[in-house]
Amino acid sequence: MENRQLAETFEAIGDLLEIKGEVVYKVLAYRRAAESIRSQSRAVQDLWREGELRSIPGVGEALATKIDELLHTGKLKFFEELKREVPVTLVEVLRVGDVGPKKAARFWKELGVKDLPGLEAAARAGRLQGMPGMGARSEARILESIEALRARQTGRVSIARALPVAERLLESLRAVPGVVAAEMAGSLRRRRETVGDIDLLVGAQRPRDVIGAFLALPEIGRVRGQGDTKASVELANGLAVQLWVHPPEHFGTALQYATGSQAHNVRLRELAQSKGLSLSEHGFKASSGKMRECADEAEVYAVLGLPWIAPELREDRGEVQAALEGHLPELLTLADIRGELHAHTDWSDGSNTLEEMAEAAAASGLEYLVITDHSKSLGVANGLTPERVRQQRRKIEALQRKLGDRVRLLHGTEVEVLADGQLDFADDVLAAFDLVTASVHSSLRQSRDRVTARMLAAIRNPHVDIIGHLTGRMIGTRDAADLDLEAVFLAAAEQGVALEINSHPERLDLNDVHARRASEVGCLLAVNTDAHRPEHFGLRSYGIGIARRAWVTRANVVNAWEVEQVLRWAAGHAR
DNA sequence: GCCGTTTTCGGCCCGACTGTTTTCAGTCG
């Protein structure tokens with residue numbers, strides 16, 4: 001059983017317990033454990049075999065026993081009994097805005113509502129209004145929320161879709177009179193791979209004026225709520241946006257609060273309490289009632305005795321402890337990247353010529369570019385035969401003479417790892433490349449053992465330098481291949497083979513949790529764009545976000561090295 | 001249900017907004 005399934009089980013238990021009316025701290029304990037399991041860099045199943053379940057934060061005696069039962073039998077009696085008590089389909093009702101555990105429980109007990117269609121039918125029939133504390137407006141609001149939920153399909157959107165929208169909104173807000181600062185916050189600022197909504201924070205003396213100006217923007221579709229300091233809207237394009245406005249004097253605490261994550265904020269507030277302070281978005285309140293405001297975010301951390309923590313780390317994955325101990329990593333930045341190791345041209349499935357891609361690389365400030373067109377078996381991508389590989393090499397050499405020292409071109413390949421684990425080029429063909437990336441594009445649904453064996457075979461081929469987009473997942477559309485990641489990471493570390501963080505926003509593969517584990521066991525990484533056209537070089541910032549979320553530093557990122565070091569490594573890491 | 005340089009028992013973050021309320025519960029982030 002995978003971490004994701006364990007986390008989902010505990011999450012469902014938390015929801016059902018909450019509907020049942022269990023004490024809130026027990027509910028929170030299940031949720032915290034679920035989140036902790038989700039962000040575990042190792043497979044819980046492995047920890048279980050090693051008897052290390054209790055090392056997972058938030059897992060105590062009771063939950064360790066439950067994990068043990070789940071992994072032994074695939075089932076959990078406690079959960080099965082709970083489902084007999086409370087219909088598990090009620091969990092979907094909680095996803096409706098303005099419906100929480102209390103209302104869900106009452107709809108169920110008093111109206112017999114067991115699932116989402118049941119709730120909708122009850123609302124349409126006017127059966128919700130008239131219940132204590134519920135009027136016609138509450139009922140209409142719930143119907144609206146159900147429709148919004150259906151229209152959005154999945155609740156989360158790609159960071160690449162949300163980020164440009166957020167930037168345009170910030171530009172509009174900065175133009176509003178009285179606005180002295182406007183920043184994005186929330187999961188967007190933390191650079192999660194997908195975001196549930198866009199969170200924006202503005203610093204201004206007269207918040208109400210800013211909110212009025214914001215609600216008048218042409219992009220706004222529907223206003224979900226508004227007050228003196230915050231507004232919640234849905235844009236015409238369906239994205240949800242939240243705006244907070246605070247006076248500049250406490251912009252720092254407000255930005256810290258709005259950035260989250262919630263679990264990170266809870267840690268900070270606990271830390272504040274231990275110093276006799278109460279931390280909120282408005283500032284630190286001493287027991288005397290005296291407020292200490294922070295205009296700057298770094299000051300918030302300083303008051304707590306911490307160095308500033310980069311937003312990408314704020315997931316309650318050990319960053320507060322690391323900050324307390326002075327062990328925060330010096331994170332990779334976009335400026336650290338010197339070269340691109342994975343790019344395609346019209347020789348295979350890219351859109352542009354060698355020369356156009358080389359010019360674009362030079363223009364974007366890259367020192368070197370490795371051309372890695374596909375190999376012959378990837379027919380849909382017009383993969384290269386060995387003969388075309390030789391032709392391409394001559395072209396690249398000629399182009400290099402023309403380019404001079406503006407950008408260094410290297411000849412590489414993205415060679416297919418075939419269904420049987422063989423590579424798509426013979427060893428003598430592979431040996432002639434400057435750099436070899438091996439990737440899987442098909443037969444991703446093979447059994448765990450077979451996919452893992454293919455990857456291990458590729459890693460152990462002495463010519464392979466990098467494994468491209470390891471799991472093959474496409475966010476929201478294709479699941480990751482079932483792989484023994486731990487075995488792959490250990491083999492890659494041993495062979496000195498680098499693992500790619502593919503920056504394409506639909507891939508982001510490795511993801512943050514996996515990249516962190518790979519890095520922990522000593523793997524080299526490469527933050528590549530897999531560019532198929534010049535604009536794609538700009539996607540690297542998304543890969544950098546993942547690398548930072550994975551606590552990655554410059555030293556073990558191959559394309560942060562100078563080109564000569566890359567070539568020495570490519571020539572010599574195999575044993 | 002978890003957890004411990006205040007504790008192995010008694011705590012467990014903090015505030016805004018909404019709707020339907022004459023003072024607050026529920027939801028959300």
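Proteins come first, then strands; the chains are lettered A, B, ... in the order of their sequence lines, and each starts at number 1. Being a predicted model, the structure only gives us computed values, none of them experimental.
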Just call it for [X]: base, sugar-phosphate, or nothing, with non-hydrogen atoms closer than 4.0 Å on any strand.
| X | value |
| --- | --- |
| A:V96 | sugar-phosphate |
| A:Y257 | base |
| A:G97 | sugar-phosphate |
| A:V99 | sugar-phosphate |
| A:K66 | sugar-phosphate |
| A:D228 | sugar-phosphate |
| A:S278 | sugar-phosphate |

Atom [atom1] of [X] with >12 non-hydrogen neighbours under 6.0 angstrom:
| X | atom1 | answer |
| --- | --- | --- |
| A:E80 | CD | yes |
| A:R517 | CZ | yes |
| A:E61 | CD | no |

Would you tell me if any nitrogen or oxygen in the side chain of [X] comes within less than 4.0 Å of OP1 or OP2 on [N]?
| X | N | result |
| --- | --- | --- |
| A:T229 | B:dC17 | yes |
| A:H282 | B:dA16 | yes |
| A:K230 | B:dC28 | no |

Contacts to DNA chain B from residues 306-326 of chain A, heavy-atom cutoff under 4.0 Å, which residues? none
Output the residues of residues 110-143 of chain A in contact with DNA chain B, where contact means a heavy atom of the residue under 4.0 Å from an atom of the strand; sort by number or write none. A:G133, A:M134, A:G135, A:A136, A:R137, A:S138, A:R141
Report the distance from atom [atom1] of [X] to atom [atom2] of [N], rounded to the nearest whole Å.
| X | N | atom1 | atom2 | value |
| --- | --- | --- | --- | --- |
| A:L243 | B:dG29 | CG | P | 15 Å |
| A:K102 | B:dG26 | NZ | P | 5 Å |
| A:R267 | B:dC2 | CZ | C1' | 10 Å |
| A:L28 | B:dC13 | CG | P | 8 Å |
| A:L279 | B:dG29 | CG | C1' | 15 Å |

Whole-Å [atom1] distance, [N] and [M]:
| N | M | atom1 | answer |
| --- | --- | --- | --- |
| B:dT27 | B:dT20 | P | 14 Å |
| B:dT5 | B:dG1 | P | 23 Å |
| B:dT6 | B:dC12 | C1' | 15 Å |
| B:dC9 | B:dA16 | P | 38 Å |
| B:dC2 | B:dC17 | C1' | 31 Å |
| B:dC3 | B:dT8 | P | 16 Å |
| B:dT21 | B:dG26 | P | 14 Å |

Give a yes or no on whether the backbone of [Y] and the side-chain of [X] come within a donor-acceptor separation of less than 3.5 Å.
| X | Y | result |
| --- | --- | --- |
| A:E319 | A:D316 | yes |
| A:K20 | A:V86 | no |
| A:R190 | A:T259 | yes |

Drop me the distance from A:N502's CG to A:N511's CG, to the nearest 0.5 angstrom.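 Interatomic distance, A:N502 CG to A:N511 CG, rounded to 0.5 Å: 12.5 Å.
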Go through the steps to decide whether A:M184 and A:L169 satisfy the test side-chain contact (heavy atoms from CB on, under 4.5 Å), and finish with yes or no. CA-CA 10 Å; A:M184 62 182 84; A:L169 289 172; over 6 Å; no
Checking A:R222 against A:E144 for the side-chain contact (heavy atoms from CB on, under 4.5 Å) test, could you report, in this order, the C-alpha distance in whole Å, the side-chain angles of both residues, the deciding distance, and whether it holds? CA-CA 11 Å; A:R222 189 167 72 91; A:E144 266 181 41; 2.2 Å; yes
Could you work out which one of B:dC2, B:dG29, B:dT27 sits closest to the side chain of A:K103?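 Among B:dC2, B:dG29, B:dT27, the one nearest the side chain of A:K103 is B:dT27.
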Would you mind telling me which of A:E193, A:E315, A:E312 makes a salt bridge (Lys or Arg N to Asp or Glu O under 4.0 Å) with A:R549?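 Exactly one option meets the salt bridge (Lys or Arg N to Asp or Glu O under 4.0 Å) with A:R549, and it is A:E315.
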Distance only, no hydrogens: is a donor on one side chain within 3.5 Å (strictly under) of an acceptor on the other, for A:D336 and A:T333? yes
Which label fits A:Y257 and A:W244: parallel for a plane angle under 30°, tilted from 30 to 60°, or perpendicular past 60°? perpendicular
Give a yes or no on whether a salt bridge exists between A:R49 and A:E486, defined as a side-chain N under 4.0 angstrom from a carboxylate O. no
Between protein and nucleotides 3-12 of chain B, what N or O pairs are separated by less than 3.5 Å?
from	atom 1	to	atom 2	distance (Å)
B:dC3	OP1	A:G58	N	2.9

B:dT8 - base-pair partner by Watson-Crick or wobble geometry, distances under 3.5 Å: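 The base-pairing partner of B:dT8, which may sit in any strand shown, does not exist here.
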